[in-house]
2 protein chains.
Amino acid sequence: MRAKRISRFEFQLLERLWELGPSSVREVQEALPPEHRPAYTTVQTMIYRLEQKGAVRRVKKTGNAHIFEAVLARTTVHKRLVADLLEMFGGSPASVMSCLVETGKLTLSDVRAIERELSKREKKL
Amino acid sequence: MRAKRISRFEFQLLERLWELGPSSVREVQEALPPEHRPAYTTVQTMIYRLEQKGAVRRVKKTGNAHIFEAVLARTTVHKRLVADLLEMFGGSPASVMSCLVETGKLTLSDVRAIERELSKREKKL
DNA sequence: GCATTTCTACTACTATTGTAGTATTTATAG
DNA sequence: CTATAAATACTACAATAGTAGTAGAAATGC
């Protein structure tokens, strides 16, 4: 059972599903930002593809509409994305962090929070 | 002047170029890991496409071979990749870091190194 | 100087992603 | 019950990404 690659836009749809919980195609479509909201059938196609990739499943029917939910947890997919990026960086998390710092997105307090999380974790082991 | 999207494999080729410095198609191809080394002309096509995207340029000729080099610095492209990922995470660097921590890739000393880098930077401003 | 090797330039094909139309089925309002 | 509204299932097509073959030009070995 392959964990197939999930494209950018597919990922956007998954985000909606995580946010909304089990939803119809219509609900997902309407949850997309108006400045980039493709046609209903476009969203439908994408959700069908996610289904084929095993990333989404039908859970029930409400009226004549299928209700879909994400199969994987958000954090699972997030971890995979980060792992992919990490691989592209030659496995060096320090360089990923450096980039975050240089784009000014990572503040000292972010880092201190992580540090606390980590010390806690290391104590447990 | 559009900064066009760079695909996974194109990124691999750029990595080789950054590593090797200005190189011929052959050199790039041979620098790829044997377990996934496509045909010479495949690499050639990709490099041509990178050229069209403005990510690579011809610098000279050696024998009958063109020598290519990356136009952008590695760190520039890395930053863009990280920025993209960050956007997918809703702009929250903390959640990116959490993922790194949870996959066990980020150690306490990595974090402390970053923290030092950041304090230094903040003092300068 | 010519044969051989190597590279280029071009073309081609498949898979994936993004986009949406159309025909049919299903539910729902009266 | 039937007209209508909505969703489905299916098909299609363009753009990008990945892969590679082929014809011909250019350098190289002798």
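Lettering of chains follows the sequences in order, A, B, ..., and the numbering in each one begins at 1.
By the ring pair (Phe, Tyr, Trp, His ring centres under 6.0 Å) test, His66(B) is found to be paired with no residue, residues two or more places apart in sequence or in another chain being considered. Residues passing the ring pair (Phe, Tyr, Trp, His ring centres under 6.0 Å) test with Tyr40(A): none are found, sequence neighbours excluded. Looking at residues two or more places apart in sequence or on another chain, you find a side-chain hydrogen bond (donor to acceptor under 3.5 Å, both in side chains) between Ser95(B) and Ser92(B).
When the nearest nucleotides of DNA chain C are assigned to Lys61(B) and Tyr40(A) by heavy-atom distance, the more 5′-ward of the two goes with Lys61(B).
First and last contacts of DNA chain C with chain A, using any nucleotide atom under 4.0 Å from a protein heavy atom and ordered 5' to 3', fall at dT17(C) to dT28(C).
Applying the salt bridge (Lys or Arg N to Asp or Glu O under 4.0 Å) test to pairs two or more places apart or on separate chains, none has a residue in residues 23-38 of chain B. Sorted by first and then second residue, the salt bridge (Lys or Arg N to Asp or Glu O under 4.0 Å) pairs with a member in residues 58-77 of chain B read Glu15(B)-Arg74(B), Glu51(B)-Arg58(B), Arg57(B)-Glu69(B); sequence neighbours excluded. Within the structure, every pair that satisfies the salt bridge (Lys or Arg N to Asp or Glu O under 4.0 Å) test and touches residues 81-90 of chain A, not counting sequence neighbours, is listed here: Arg5(A)-Asp84(A), Asp84(A)-Arg8(B). For residues 94-104 of chain A, the salt bridge (Lys or Arg N to Asp or Glu O under 4.0 Å) pairs, not counting sequence neighbours, are Glu102(A)-Lys79(B).
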Notebook entry, point to check: How does protein contact run along nucleotides 18-25 of chain D, one letter per nucleotide 5' to 3', with B for base contact, S for sugar-phosphate only, - for none, heavy atoms under 4.0 Å?
Noted result: BBBBB---
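Distance CD1 (Ile67(A)) to C1' (dT8(D)): 13 Å, rounded to an integer number of Å. dT8(D) atom P lies 12 Å from atom CD of Gln29(A), rounded to whole Å. With rounding to whole Å, Leu50(B) atom CG is found 13 Å from dT16(D) atom C1'.
Aromatic ring pairs are classed by plane angle as parallel below 30°, tilted from 30° to 60° and perpendicular above 60°; the pair Trp18(A) and His78(A) is perpendicular.
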